[in-house]
Amino acid sequence: MKERLVFEIGKKGKVGVSLPRCDVPEEEPERLIPEQHLRKDLPLPELSEPEIVRHFTRLSQLNCGVDTGLYPLGSCTMKYNPKVNEEIASLAGLTRLHPYQPEELCQGALRLMYELGEYLAQIGGMDAVTLQPAAGAHGELTGMLIIRAYFLSKAQKRHQVIIPDSAHGTNPASAALCGYQAIEVKSDERGCVDVVELNKLVDEDVAAIMLTNPNTLGLFEENILEIADIVHRAGGLLYCDGANLNALLGVARPGDMGFDLLHFNLHKTFSTPHGGGGPGSGPLGVKRTLAPFLPVPLVVKQGKRYLLDYNCPLSIGKVRSFYGNFGVLIKAYAYLLSLGPEGLRQVAENAVLNANYLVKRLKDHYHLPYDRICKHEFVLSGARQKKRGIRALDIAKRLIDCGFHPPTIYFPLIVNEALMIEPTETESRQTLDRFAEALIKIAQEDAETLKSAPHHTSVGRLDEVAAARKPNLRWKE
Amino acid sequence: MKERLVFEIGKKGKVGVSLPRCDVPEEEPERLIPEQHLRKDLPLPELSEPEIVRHFTRLSQLNCGVDTGLYPLGSCTMKYNPKVNEEIASLAGLTRLHPYQPEELCQGALRLMYELGEYLAQIGGMDAVTLQPAAGAHGELTGMLIIRAYFLSKAQKRHQVIIPDSAHGTNPASAALCGYQAIEVKSDERGCVDVVELNKLVDEDVAAIMLTNPNTLGLFEENILEIADIVHRAGGLLYCDGANLNALLGVARPGDMGFDLLHFNLHKTFSTPHGGGGPGSGPLGVKRTLAPFLPVPLVVKQGKRYLLDYNCPLSIGKVRSFYGNFGVLIKAYAYLLSLGPEGLRQVAENAVLNANYLVKRLKDHYHLPYDRICKHEFVLSGARQKKRGIRALDIAKRLIDCGFHPPTIYFPLIVNEALMIEPTETESRQTLDRFAEALIKIAQEDAETLKSAPHHTSVGRLDEVAAARKPNLRWKE
Amino acid sequence: MHYIPNTDEDRREMLQAIGLASMDELFSDIPPQVRVKAALKLPAALSELELLEHARQLGAENANIDDYVCFRGAGAYDHFIPSVVRQIVSRAEFYTSYTPYQAEISQGTLQAIYEYQTLICQLTGMDVSNASMYDGASALAEAVLMSCRITGRDRLLLSQTLHPEYRQVVRTYLQGMSVETLEIPYTSGLTDLDWLRKELDDRAAAVVVQHPNFFGLLEEMNEISQIAHRVGALFVVSVDPISLGILQPPGAYGADIAVGEGQALGNEICFGGPYLGFFATREQFVRNMPGRLVGATTDSEGRRGFVLTLQTREQHIRRAKATSNICSNESLNALAAAVYLTTLGKEGLRKVALLCLRKAHYAWREIAKLNGFPPLFSGTFFKEFSVNCPTSPQKINQVLLKQRIIGGLGLKKFYPEHQNGLLVCVTEKRTKEQIDEFVEVLSETGEQQ
Amino acid sequence: MHYIPNTDEDRREMLQAIGLASMDELFSDIPPQVRVKAALKLPAALSELELLEHARQLGAENANIDDYVCFRGAGAYDHFIPSVVRQIVSRAEFYTSYTPYQAEISQGTLQAIYEYQTLICQLTGMDVSNASMYDGASALAEAVLMSCRITGRDRLLLSQTLHPEYRQVVRTYLQGMSVETLEIPYTSGLTDLDWLRKELDDRAAAVVVQHPNFFGLLEEMNEISQIAHRVGALFVVSVDPISLGILQPPGAYGADIAVGEGQALGNEICFGGPYLGFFATREQFVRNMPGRLVGATTDSEGRRGFVLTLQTREQHIRRAKATSNICSNESLNALAAAVYLTTLGKEGLRKVALLCLRKAHYAWREIAKLNGFPPLFSGTFFKEFSVNCPTSPQKINQVLLKQRIIGGLGLKKFYPEHQNGLLVCVTEKRTKEQIDEFVEVLSETGEQQ
Ligand SMILES: Cc1ncc(COP(=O)(O)O)c(C=O)c1O
Ligand SMILES: Cc1ncc(COP(=O)(O)O)c(C=O)c1O
């Protein structure tokens, strides 16, 4: 069942809410504001409350979420979002706070931020953490700016950041945004950074290497200690894209591997909901030498009081207003408290177990480019199916018919017809079995069935080419 | 997509929640309770939290509600349930109250109940109200018991309660539960109580007449004043089943028509959600003479204080524990405050307008047994379609294919192949038009299409006969 | 009105389509003399913002048990409710739907009720459960009516250790019936079995007992069951569902009908309602049951599905001869109970029951150590117990309130013979710290005597 | 762990299936020397009940603006949020989903974003809107970067009446670029147009102005637009979306890029985040925009559907050459804004804006009557205004706090030249009574001088 647009439902004269009467003198706006500042018309829709609720409720039903089914979107860690965290993150005591209210009146909020920072530092093996970045990419940007400021403070001008060919698009984009040249380093046949090539690339012009570990193939960078050594010896820094930290929780810490900076994806690793594309949160942890460059303010503790410290002369400044996505921080904090250290490790163990179990069940049916122990996710290739004219996209769409959200496809770029699958620890073996069976069935299905999929959704496959050629980005009368 | 039973999902060793550690001595239960009192096994399911949430979320998706579409279930007043009421009814200050906490510590709750009672009395034209009954039928029972106690107090033994043939099943059932003989009075050709027949039935053995007004045909009992006269003259009482009060809000009051008792359906008229079948709330209003018989306690006001008054020697006692479905009362109270007197009348006007508009659109396509101005609902007959072997049930099921919840069918019993349609005031004309178009289309469709409907639901038409013949009322291993 | 989608223009056009000139004509069938002339005397409409503010103010006039520590039970309990429960019952598809008359688009509610019925059977050890009754008290009244129907007898024996309000409700429900009700006295806080043995005969339709009883004590259910069955009476029991985490289920001691208040199963305490009466019985009595039943069946393609079944018992079919007049029940509360029981599960419910048991006993022992608060009875208890206070419980509770503690219930409200009796409830939510403070304040009030 | 469905048995069998003997072997690819040996130093796990209690306690250590009356704004506003908004954004299908890469099962999110984009265009009078940025400040930084890309110029002019944190964020974002930033001074609280006319030349990529500005004043947007365009610079504006209920939209005065903080549109104030950067521009610049875009298209049967489009601008396709590095944005906040704008609608948003306007002016006038609180500037304002206090605003705010009032923001935090300046915000939520009390307390502090 399709749903019309709000603009098509609305009609002149309907109202969606009742507002208080004006209890102060009702002066005409023209008397308070010069006419040229006043708008003539406000072309917003007009609907009644029942129509609004029904419209958006129906829209929600055209969506899938973790709460409705497996969502094995590789690299995104679509894990279950505990309900108690939602409840906590809606307590008036934690949400009805003005960011500029006096410190003495937000000690609870500051304490939460302080403690979350400490916990993240502990988990990542970092010395100091900023909670300001709003998402992973924002954390990367912050990290790149800190690297820049660090070298500037040492009066060094370095221009390059090395990034593996398997990296997420935000990595080169973030580096470029800070004026760095993104240099690609190839992956070797085991799916890891080619250390020989890396050795050739690293010199005094390299500010940093940006690694995702486990990388986007779901593989642990086995030579991480050697890589750290190469880069550090040339005076460069190691940046860790922590998008895949779920695999390492309580098991290994990027800080111990030689990483100097690490961003956390609270919406991935720490179970805060993805919200249909955000809000996320991308705190950045750094080693002690880089701490002076963190954005302001930092939350610090003085005796029993928590303070916002703006007195950081070397700080890069601010990457957004206020202090970060506080509402998201609450949920990550609650999550950590509900896990404890043992629970944290169990998360990693089960995430990795689930991924390896799925590999085992699927590798006879799909090409597995890197056949080794994986971490929390793995990448299959639709290469075999492609010989029959079937693309990864077709496999993905056909999975929808089987009741599953498709995996990430065509990423990482180095795998032909990539299907990147991340089950997470919050899926049961039974669900994994059913998912595997669906994929195995699909592996044998004919091209026609697959190419016309999905068959039971409110719309069939949509024409993306037409959408881009003649963009229709808004409704018009 | 079907959903398994929780029992089929669960597995030994899974846990769904974490509970606090025991902070007092952990004595073995056998030391505190004699062994013969202790159970050996507790055969409940075992699931993890993510599985539980997904299971019940998916189940919800197999349901329709007012928030997802038109729900024109006649006699049920499936109107929109304002969201702010849900929010108010979950405030800790209103919900985290023990019913036996001291009166001085629940003045807000008592005030709410007191004021709601006053508002309902005002709306119904009654003198006193009890909020204790948990639903409409419970209100009827309470009313019947009060009628009984009233006659007892006058040392009269009356044995009969007159109920129209169009009445809802709860009416005779409630009368019978109080030991009354339910006497049926026929409806006349205009769909109202046959006054001539009524005159014959009424005598000194009649305790009361139970009327629904507007009645279940959606028609106002035009002769209500005459009926009241007949019954009152014989010393009997008039009970009003207020299920259909939505049509009269702010327009006319049963108390002014001669009714001595009236129950309100808060879950119908006053917008509290129906919850898949409850909880409802069925406050009962009575005229002054009957007030001494109301259940205890009553909420009374003394100066500025609100009290629970148990000192009612003539009271019938209690019909349930504590004071009523307080959580439901909150929502009805909030609803009334948001409407105000003008809004209340608009509710009735638009409910009646919507029903008459639909009649107009449909009466050429379905047989309309009583062709006159209706109130908030109306009853069509599938008699024409039946000639082609199509039953009301088939029409109902086919509506599901069109995206609508079916109307009430086969009730009232006096209409052949009844389709009882109540749109309510919270539906827009646009929705009514689409609904009418669907019904008009169905009116022409062939028997086969209709008999195999619904076609797009998770299950097709279910075998109710088999279900009743060999009842399977619980899962077993 | 933002809840009404029709615009003035809509209204005009619709009236025109109907062939009427004004809204008033829609009501022309109502005698003019009973039409409301002036606006009703109701408060003027509040905007949403004002309404919320008003509701918050009302809330602030109450002491809520998030802010106060509650040691009061007596039929309404402050048990822990997992967030999951609130999350699920606030799904609009559940709470804005009604009775699942149209099975194909109500499979969510139907399956959930089927699961609820099964869970109640698992919990109580009974064969069948209905889809819910209004509350524990009315469920008990319905059970009593059912036992009269089944046995064709007209005498009832209710233990005085039953919740007094439940006894009152049973009596109210029976007012229209010619059924005689006898109350079984208690001795040492327990149903007097000697009295029962003596008075019970084959006129009795049922013996009705609460377990744990109102004083918190465990009754001799095996014994009572035998006594009742010996004369062909049914054994009707009202049980605390949380206690069933560790206590023998009614099915194990031969109960014929087991009912109880299901509030504790994931439903907010909410000043006494909406609550949930659960109702379970033996297979053989199923066609005598009141209330809705959901059954499993199949569609034409053999797929499993769920429907309302055995509806010929119900008022909308059987009318005056129905097994009950109930129509709307407490479906959403039953859903909450189903989610609660699933979430707690086998281990969780046992743990909750054990926490209650241990904490209640800890509190009992600590109070017993004080001067002047001896136990009222010596029997075995679960999560509630009765003590005798050195002064009126009302005074003691006043002192406790100053420390933001809502103390036990003064028994004299219902049992004048226990003027200074105090019924204390300790759930799994009470921490040792809270119990210690409670005991501390008690001891201070004791010393003031 | 109740968040992990695998049982011990599952784990055993799965390991066996994989061919491993222990969980540790799953991590054999991690060099032993970097494996964590002891448990991490984190607090022990809390149960759900303890966690909730802990969170409530943290909350109690804050003053929340349900309990305090808030006259503080400065970029984060206490506007009314209809319940409907909270209800919709808590639908699990919305909040537990991610970026709608798979269009066919994400039509809900996609259509909602398409509606959001349209609503932002209607509100701002611009041609196209993206699907959201992190917040108002970062949206402005992206706008500035975009104007450099479009014009190929490397000089920026930022008004000093822009929110100081926004200026700081823009500067931070530009650190890696070779772009020169000039700040336009202000006079009488308004961007100094004379200075601008003098200093602006064709090196400028953009002139950036906030409206109403940080002091609450309306800028001469038509005039500034003309000045900017005269030298071929883009006119980039940051606007308060609530003010657009009555103020001219950026499209009307020729803005090239309009951004702003969308928190006020139905998003909780929440200590500064998550918020919503809205971002709209002219059609001709669409391929230069940062962030996601949703477009309408059709499926093979001609049915309308929605997809992510123009993705070649984005990092996952264009990588280092993308128009921005943004990936996750603030989708749920955009949904809230869409529901908010739909619910308020044409009439409602205008009403809210009028309420703000009138209440702010009422407060302003009442304060002006006091001794010692003269307005800081004489310009026209919307919902915020600045006054000069007779003593330090900090002291005054301390007094206000005792009456549970959170007073205005001391301007000296950002503008040392206004040591005693106080920025007061009055939204539609403030009642006359609250304003009167605020003024009353102010007058008392004034008298204490
Ligand atoms: C490996 C990796 N890095 C970075 C990002 C960007 O993170 P965010 O979307 O939080 O900005 C992602 C997001 O999918 C990712 O998978
Ligand atoms: C006319 C009428 N009377 C009584 C009832 C019973 O009300 P309740 O379900 O609230 O017990 C109904 C319910 O549908 C009804 O329609």
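These numbers come from the heavy atoms of this one structure, side chains and all, not from hydrogens, waters or symmetry mates. Protein chains get the first letters and strands the later ones, always in sequence-line order, with residue 1 at the start of each.
For B:H55, the part lying under 4.5 angstrom from a heavy atom of chain C is the side chain only. Proximity to chain B is limited to the side chain of C:L401, based on heavy atoms less than 4.5 angstrom apart. Residue B:L19 touches chain C through its side chain alone, counting heavy-atom pairs closer than 4.5 Å. Both the backbone and the side chain of C:F306 come within contact range of chain B, judged by heavy atoms closer than 4.5 Å. Looking at C:R171, neither its backbone nor its side chain comes within 4.5 Å of chain B, counting heavy atoms on both sides. For C:L354, the part lying under 4.5 angstrom from a heavy atom of chain B is the side chain only. For B:I373, the parts lying under 4.5 angstrom from a heavy atom of chain C are both the backbone and the side chain. Neither the backbone nor the side chain of C:E301 comes within less than 4.5 Å of any heavy atom in chain B.
For C:R319, there are no side chain to side chain donor-acceptor pair (under 3.5 Å) partners, not counting sequence neighbours.
For the residue pair C:Q102 and B:H405, no side-chain donor N or O sits within less than 3.5 Å of a side-chain acceptor on the partner.
When C:S138, C:A296, C:A137, C:A92 are compared by the number of non-hydrogen pairs under 4.5 Å with chain B, C:A296 comes out ahead.
Two rings, from C:Y134 and B:H138, have their centers less than 6.0 Å apart.
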